[in-house]
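Because the structure is predicted, anything quoted here is derived from the model rather than measured.
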Amino acid sequence: MFRGRFECRVDQKGRLLLPTAYRQALPSKEKSLVITNSLYKGRRCLDVYSLKEWEKLEKKVAKMPSFRAEVQAYQRFYLASGQVVEADKNNRLLVPQTLRKFSDLTDEVVCVGMGHKFEIWSSDVWNQLFSGMAENFENILATIADIEEVD
């Protein structure tokens, strides 16, 4: 599980040092990750999965009715943008240029653990988003309290 929030830097070549906690969350010896574009409330970010989790997602989507426009749109936007990257010997990920451009990543980013994946956000965008969530957290908490657990 990817846990925690980390402020990170992307170097001039587009490489991101993978936080230690995230390296430890990967299956042993797995260095392959899949990065894809994502959106949350109209704000752009990147989602990052272990290759194993990405393959689970692909299998789940493959079982959906492929003729549905929403499934096709999901495949085109999310799955087709997924790019496999390998951590180098220094545990850096090269974030593809097209994905950096999509998410407006500069040198300062925030990595946010979301369990089976983590997100990469531009620091400026994340700070605005996080501030809004903090202001509304009591309402969010009340809503979460009303949601029943699913086993």
Set of side-chain contact (heavy atoms from CB on, under 4.5 Å) partners for R23, sequence neighbours left out: L17, L18, T20, N91
N90: partners by side chain to side chain donor-acceptor pair (under 3.5 Å), with sequence neighbours left out: none
What residues form a side chain to side chain donor-acceptor pair (under 3.5 Å) with Q24, not counting sequence neighbours? none
Is the number of heavy atoms from other residues, nucleotides or ligands within 6.0 Å of OH (Y74) greater than 12? yes
Fit a plane to each ring of F77 and F102, take the angle between them on a 0 to 90° scale, and name the class: parallel (under 30°), tilted (30 to 60°) or perpendicular (over 60°). perpendicular
Distance in Å, C111 SG paired with E119 CD, rounded so as to fall on 0.5 Å steps: 10.0 Å
With sequence neighbours excluded, what pairs up with D124 under the salt bridge (charged side-chain N to carboxylate O under 4.0 Å, His left out) test? none
If hydrophobic clusters are built from ILVMFWY residues whose side chains come within less than 4.5 Å, do M133 and V110 share one? yes
According to a hydrophobic-cluster definition based on side-chain heavy atoms being under 4.5 Å apart (Ile, Leu, Val, Met, Phe, Trp, Tyr only), do I35 and V10 belong together? yes
Kindly write out the residues that satisfy salt bridge (charged side-chain N to carboxylate O under 4.0 Å, His left out) with R76, not counting sequence neighbours, or none if the list is empty. none
Please work out whether the ring planes of F6 and Y22 are parallel, tilted or perpendicular, with thresholds of 30° and 60°. perpendicular
Shortest non-hydrogen contact between T106 and V109, atoms and distance: O-CG1, 4.0 Å
Compare every heavy atom of D47 with every heavy atom of K117, then report the nearest pair and how far apart it is. NZ-OD2, 2.9 Å
Out of curiosity, does F130 fall in the hydrophobic cluster containing W121 (side-chain heavy atoms, cut-off under 4.5 Å, transitive links)? yes
As an exercise, state the distance from SG of C45 to CG of L105, rounded to the nearest 0.5 Å. 9.5 Å
Is it the case that more than 12 heavy atoms not belonging to Q97 sit under 6.0 Å from its CD atom? yes
Output a table of donor-acceptor pairs, distance under 3.5 Å, between side-chain atoms of residues 56-63 and any protein atom two or more places apart or on a different chain; print 'none' if there are none.
{"residue": "K56", "atom": "NZ", "partner": "E53", "partner atom": "OE2", "Å": "3.1"}
{"residue": "E58", "atom": "OE2", "partner": "W54", "partner atom": "NE1", "Å": "3.0"}

Measure the spacing between CH2 of W126 and CD of E108 and express it to the nearest 0.5 Å. 15.5 Å
